Number of protein chains: 2
Amino acid sequence: MSIDHGSAPTLEKVAELAGVSRSTVSRVVNASPRVKPEVIRAVNDAIQKLGYVPNRAARTLASRRTQAIALVIPENTARFFADPFFASVIQGVAFRLAQTDYTLTLLIAAEGDPGKTRRYLQGGNVDGMLVLSHHNDDASYVDLAGRLPVVFGGRPMSRESENVHVVDVDNIDAASRATRHLIERGRTRIAHITGRRDMAAGIDRLTGWRRALDEAGLPAELVEDGDFTPEGGAAAMRRLLDRGEPIDAVFAASDQMAFGALNLLRERGMRVPDDVAVIGFDNNSYAISSRPELTTVEQPSIEFGTAMAEALVRLIDGEEVDTLTLLPTRLVQRAST
Amino acid sequence: MSIDHGSAPTLEKVAELAGVSRSTVSRVVNASPRVKPEVIRAVNDAIQKLGYVPNRAARTLASRRTQAIALVIPENTARFFADPFFASVIQGVAFRLAQTDYTLTLLIAAEGDPGKTRRYLQGGNVDGMLVLSHHNDDASYVDLAGRLPVVFGGRPMSRESENVHVVDVDNIDAASRATRHLIERGRTRIAHITGRRDMAAGIDRLTGWRRALDEAGLPAELVEDGDFTPEGGAAAMRRLLDRGEPIDAVFAASDQMAFGALNLLRERGMRVPDDVAVIGFDNNSYAISSRPELTTVEQPSIEFGTAMAEALVRLIDGEEVDTLTLLPTRLVQRAST
DNA sequence: CTGAAAGCGCTAACAT
DNA sequence: ATGTTAGCGCTTTCAG
């Protein structure tokens, strides 16, 4: 097990080989202006020849810029890694950052030792942070917004702070639209399977559903809590059906729950959309894997991530960034309604 | 937009407050032995009082240890972020590392500029790297194993190098077992929907299927390529059926493909498992979301990630680590067979 | 067991 | 346009 940690060539070596000072090499490496073209050439040649790669730690130490961004995911949220929405957001963040010189540090905030993550974040190890939280514990990061640039994915449950930047979709409006879609198709007994109630998205979608129903003068009593998973959706659907009241449509706060509801409906011998129309939220693989395929509200998940990264990078660069970036949603009509 | 980048207290401040030298503070921080208990107390008090957090860059620069680990994911593989298996592996890696002082740097290796990732890796920015690849392009990282500790998730397609460490499951054996399960249940016309052929897992599962069939003296001609997705599985199933030859069972190299195949079988009016038995691979959410639920080969995905992290950390610490870590698989019997 | 001194590799004024 | 001079905050011999 002998690995050749061949000591990397330093900036100084490059300077010697190119016959210039270290400052000049530094300038060339950092694409600073005012360097004679021929010198740039000479330096680059030397860099090439030596296979020089700048040492990040030294750079960070001297410049006070880490070129690193943290993606903070609370431990309990991390369990939802496989949730298509989260996965896509992370993918979007990673892709956008791959186009920059920023490095992405994935931070699973352990519940056991919250101080560890905070210390890391406050210790000047990153230039900014992204918070992706499923739950309301994101509250613990809001205050950090005063110490370094922070962008939240989805509005945090806690009070707003002026330094808090958020990327989100208008969940109330989107849910309301989905519900109206059902109403327009003549449904009157419209149920809702909620997302988690400790998440803004879950609460807002519930609000949107209720609003649309209220405006149409329809009853908004058929609600059961889900948890964004297929199993949770099926369980909620079962409770809904077991109430014994008539139901002719259901709006689930996620495709996964709609998928689970669909399965249960089939088991109970109910036809979709004939007996019950079903609409989901997300437009992910579950929407097209189900039979019938799901009508759903599409939210741009990858763009959700790129927008977060984009906002943070601009924030770090000292640019003006909107406190709230709202991404568009779109109703996708399929066979379940 | 004014953020208070309150300059963090340095080790020197702590030394002053505690009335000792910087060296001593450093020793305490690094839990070095031979420091008088009372001094340790004094220093810790000062650290507490000042809210001191060591500067990572300075530490790295001075000690030549980054305390960072890179998780490299080729761009094309990153598109499979939502694949439950990948998501779980990443989750496992992140969780295991969260228990250490290592930081996880997520590196999406851009196809456009492969040099960027390599430079980063070679530039002494990390103490070790983990490679998670869906495809055969992991070959480009095998040689880096000579410069720093590397652990692959799934055996790379390229030739082995003595410094290459791998965490994997025995795909040949597992696939063979799945196939034998079908044979034992009296099936004789057993088809296979492959994974990607440019992945070791895809190739090995095909080999295992063929081996079991050969040993039983059964024909191994019913093969169609899939790509690990539900859509790919459905398409492969369609081609299989369109051959017009009898089929009484199918082994799909992933639950997602089995799921897709199941949907297609239903469309064609075939009953599972009565007419056709179906077995998948992974045991993820698709296996329990499908109707009927899938019999499948379970592979411990989270442990896959923790094992990778574990091996790398030990490698970095200079410990002896097996070149190949094989994780156990298990047949999970459900309604589809 | 503790302190002094010398850097780690790079950037950033300040000169020139 | 380029070089000089100081560090950035920490670890690490080497003394004692």
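This structure is a prediction, so every number in the text was calculated from the model and none was measured. Chain identifiers are assigned alphabetically (A, B, ...) following the order of the sequence lines, protein sequences preceding nucleic acid strands; residue numbering begins at 1 within each chain.
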| said: Donor-acceptor check, side chain of B/K13 to backbone of B/Y52, threshold 3.5 angstrom: yes or no? | reply: no
| request: Please report the closest heavy-atom contact between A/L104 and A/L71, naming both atoms and the distance. | output: CD2-CB, 3.6 Å
| said: To check you understand the geometry: which heavy-atom pair defines the closest contact between A/R59 and A/N30, and what is its length? | reply: NH2-OD1, 3.0 Å
Measure [atom1]/[X] against [atom2]/[N] and give the value in whole Å, please.
X	N	atom1	atom2	answer
B/R56	C/dC8	CZ	C1'	17 Å
A/R65	C/dC10	CZ	C1'	15 Å
B/R22	C/dA6	CZ	P	12 Å
A/I47	C/dG9	CD1	P	16 Å
A/N30	C/dA12	CG	P	7 Å

| Flag side-chain contact, heavy atom, 4.5 Å: A/I316 against A/V313 | no
| Min side-chain heavy-atom separation A/D127-A/Q67 under 4.5 Å | yes
| Between the two end axes of the helix from C/dC1-D/dG16 to C/dT16-D/dA1, each built from 5 base pairs, what angle do you get to the nearest 10°? | 30°
| request: Output yes when B/R56 and B/D101 qualify as a salt bridge under the 4.0 Å nitrogen-oxygen rule, no when they do not. | output: no
| field | Which residue lies more 5' along DNA chain C, comparing B/V39 with B/A62 via nearest heavy atoms | value | B/V39
| Toward the 5' end of DNA chain C, which comes first, B/T24 or B/L61, by nearest nucleotide? | B/T24
| message | According to ring-ring contact (aromatic ring centres under 6.0 Å, His included), does anything in residues 300-324 of chain A pair up with another residue at least two apart or in another chain? List the pairs. | response | A/F85-A/F304
| task | Check whether any side-chain nitrogen or oxygen of B/R64 sits under 4.0 Å from OP1 or OP2 of C/dC8, and answer yes or no. | result | no
| query | Does the side chain of B/S21 get closer than 4.0 angstrom to OP1 or OP2 of C/dG3 through an N or O atom? | reply | yes
| task | Could you check whether B/V20 gets within reach of a base, just the sugar-phosphate, or nothing at all, counting any heavy atom under 4.0 Å? | result | sugar-phosphate
| note | Ranking B/Y52 and B/R27 by the position along DNA chain D of their nearest nucleotide, the one closer to 5' is B/Y52
| request: Might you work through the side chain to side chain contact (heavy atoms under 4.5 Å, CB included) test for A/D168 and A/F152, ending with a clear yes or no? | output: CA-CA 8 Å; A/D168 209 346; A/F152 281 85; over 6 Å; no
| said: At a heavy-atom distance below 4.0 Å, which nucleotide of DNA chain D is the first touched by chain A, and which is the last? | reply: D/dA1 to D/dG9
| query | Do A/S23 and A/S26 get their side chains close enough for a donor-acceptor pair, meaning under 3.5 Å? | reply | no
| message | Quick check for you: among C/dG7, C/dG3, C/dC10, whose closest atom lies nearest to any side-chain atom of B/S23? | response | C/dG3
